Structures are given as C-alpha cells and as structure tokens.
Amino acid sequence: MGTEIAAGYPSKYETEILLKDGSRVLLRPIRKDDTRRWLAFVNKLSFDTRYLRFHYVPKEMSMEDAVRFCTVDYSNTFAFVAEVTKGKRREIVAIGRYYRLPDKHSAEIGIVIGDAYQGKGLGTNLIKWLVRVARANGITSFEADILATNEKVMTFLGKYGFLLTRELKDGVYHITFPIKRREG
C-alpha cells in the first residue's frame, strides 16, 4: 500500500521525537492508508494493553475497524501515529486520538502505546501534540473513560499538570480536564 497523502493532510504536524531511551520515532497525523499498519499494531498489543485501552479484549479487529479508526477529518477527529522504520518497513508503535463531542468544545481522547514502547515518553509527546491541535481547532477540554485499575494513566495525567475532574462509576473513571492555556 502506498503513502498517498490526501488533500488537507496537515503535514505541518509531522515531527521526529526523541524518546527517553535515545531512540527516535516519527510522530505524524494518521492517514487513510495506515489501515494495514493500524491492524498490525492493534493485533500485536498484549492482552492487558488491549483491555486497558478498549475496556474489553476484541478477538480481532477487522479492516472495517481499521478504516473507521484511520479516517479522520483533522479537525473534529484527529489522530497521531508514532512510527518507526524497521528495515524498509514502517511500523506503528503508538496512537493518540481525539473525537470532538457534541458540545463542540470538548473532545474524548484515547491513547495506546505498544508494550515495548511504554515508559519511554511517547504518552507525554502524544498528549502535548493532541493538546496543540485541539486548541487550534477550538477545543478547550478533554474527556476520557479510564478503568480504575489503570493507575499508570491516572498518575501520568496528574503529573502532567492537568486539573482533573473525575467521577468513578462501575469501576471506570470518567475524567475531564481543561486544556486551554493558563493565564499568568
């Protein structure tokens, strides 16, 4: 599958990032032609990582799922992939995305990082870039549903400096946090 770049693709958000271990990854907006790489990435995730991200463990994601996840409008829906090159093959190692909610000022976010790349700073970079794009598109807050057992993510978001509002229901935290710039 080629690397066809659609009109409206925001190449200005492509950037190389340095991870804590010294390795580099390309962070870029997702494209429709990422479907096969997306499927390969999701299918390689461990049981625990899939469960923490999707709140259940899908047996297998389909090409239809991949098309849905890889099709964004770069405003109301946006996703970044973190990509490495292995030989001549490009491989997705993390994805961060948002979907604008009906109130038009907030968006639901989701991030999933491949097991071998967790703890290397990808989450911090994905949040930073998602916030940057969301602000540019008029979004002022993010929301997410996080399993109560996912202490790593709750700690990470708290350390990042967001003022989290959380509500626990049936073992899932619904969190909301403003992303607008602080004055002063």
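What's counted below: heavy atoms across the whole structure, side chains too, no hydrogens, waters or symmetry copies. Each residue takes its place number in the sequence, starting with 1. Since we're looking at a predicted model, the values are computed, not measured.
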Handout entry: Heavy atoms of other groups near His174 NE2, more than 12 under 6.0 Å
Key = yes
Problem - Joint hydrophobic cluster, Val93 plus Leu18, side-chain heavy atoms closer than 4.5 Å - result: no
Practice task
Quick one: list whatever passes side-chain hydrogen bond (donor to acceptor under 3.5 Å, both in side chains) with Lys104, sequence neighbours left out.
Solution key: none
Exercise for the section: List the steps, then state whether side-chain contact (heavy atoms from CB on, under 4.5 Å) holds for Val25 with Glu83. Expected result: CA-CA 6 Å; Val25 299; Glu83 183 178 79; over 6 Å; no
Exercise for the section: Find out whether Lys152 and Asn150 are in side-chain contact, i.e. whether some heavy atom of one side chain is under 4.5 Å from a heavy atom of the other. Expected result: yes
Handout entry: Gap separating the CD1 atom of Ile92 from the CZ atom of Arg28, nearest 0.5 angstrom
Key = 6.0 Å
Handout entry: Chi angles and distances behind the side-chain contact (heavy atoms from CB on, under 4.5 Å) call for Arg89, Arg37
Key = CA-CA 10 Å; Arg89 199 180 77 228; Arg37 283 184 293 279; over 6 Å; no
Problem - Pairwise side-chain contact, Leu164 with Tyr173, heavy-atom cut-off 4.5 Å (strictly under) - result: no
Practice task
Would you kindly confirm whether Ile17 and Tyr117 end up in one hydrophobic cluster when ILVMFWY residues are joined by side chain heavy atoms under 4.5 Å apart?
Solution key: yes
Problem - Nearest-0.5 Å distance that lies between atom CD1 in Ile139 and atom CG in Leu130 - result: 9.5 Å
Exercise for the section: Mind checking side-chain hydrogen bond (donor to acceptor under 3.5 Å, both in side chains) for Lys86 and listing every partner two or more places apart, or none if nothing turns up? Expected result: Glu91
Completion exercise
Rounded to the nearest 0.5 Å, the CG atom of Leu26 sits from the OG1 atom of Thr15 at a distance of 8.0 Å
Exercise for the section: Identify the two heavy atoms, one from Pro29 and one from Glu14, that lie closest to each other, and give their separation to 0.1 Å. Expected result: CD-CG, 4.0 Å
Exercise for the section: Look only at the side chain of Ser23 and the backbone of Leu19, and say whether a donor-acceptor pair between them is shorter than 3.5 Å. Expected result: no
Practice task
Evaluate whether atom CD of Glu167 has more than 12 neighbouring non-hydrogen atoms of other residues, nucleotides or ligands under 6.0 angstrom away.
Solution key: no
Completion exercise
To the nearest 0.5 Å, atom NZ of Lys32 lies from atom CG of Asp34 at 12.0 Å
Completion exercise
Closest non-hydrogen atoms of Glu143 and Thr176, given as atom of the first, atom of the second and distance, are CG-OG1, 3.7 Å
Practice task
Search all heavy atoms of Asp115 against all heavy atoms of Lys44 and return the closest pair with its distance.
Solution key: OD2-O, 4.4 Å
Handout entry: Asn137 side chain vs Val133 backbone, donor-acceptor pair below 3.5 Å
Key = yes
Practice task
Output, in order, the C-alpha distance, side-chain angles, deciding distance and verdict of side-chain contact (heavy atoms from CB on, under 4.5 Å) for Thr35 and Phe69.
Solution key: CA-CA 8 Å; Thr35 53; Phe69 276 90; over 6 Å; no
Handout entry: ring pair (Phe, Tyr, Trp, His ring centres under 6.0 Å) partners for Phe78, two or more places apart
Key = Tyr13, Tyr74, Phe80
Practice task
Answer yes or no: is there a donor N or O on one side and an acceptor on the other, between the side chain of Tyr98 and the main chain of Ser75, under 3.5 Å?
Solution key: yes
Handout entry: Reported SG-to-CZ distance for the pair Cys70 and Arg36, which is rounded to 0.5 angstrom
Key = 11.5 Å
Exercise for the section: Can you sort out the partners of Glu108 under side-chain hydrogen bond (donor to acceptor under 3.5 Å, both in side chains), two or more places apart, ordered by chain and number? Expected result: none
Fill in the blank from the handout: Residues at least two apart in sequence or cross-chain that pass side-chain hydrogen bond (donor to acceptor under 3.5 Å, both in side chains) with Arg100, listed by chain then number, are Asn76
Exercise for the section: Check the pair Ile146 / Ile175 against side-chain contact (heavy atoms from CB on, under 4.5 Å), numbers first and verdict last. Expected result: CA-CA 8 Å; Ile146 300 170; Ile175 63 165; 3.4 Å; yes
Handout entry: Donor-acceptor contact below 3.5 Å, side chain Arg135 vs main chain Ile179
Key = yes
Problem - Euclidean distance, Phe177 CZ relative to Phe142 CZ, rounded to 0.5 Å - result: 6.5 Å
Practice task
Measure across Ile113 and Phe41 and return the closest heavy-atom pair with its distance rounded to 0.1 Å.
Solution key: C-CZ, 4.3 Å
Taking only distance into account, with no hydrogens and no angle test, what donor-acceptor pairs under 3.5 Å do side-chain atoms of residues 119-129 form with protein atoms, sequence neighbours excluded?
unit_1 : atom_1 : unit_2 : atom_2 : d
Lys120 : NZ     : Asp21  : OD2    : 2.8
Lys120 : NZ     : Ala116 : O      : 3.4
Asn125 : ND2    : Gly121 : O      : 2.9

Handout entry: ILVMFWY cluster, Tyr99 and Ile109 together (side-chain gap under 4.5 Å)
Key = yes
Completion exercise
For Ser62 and Leu39 the tightest heavy-atom approach is O-CD2, 3.6 Å
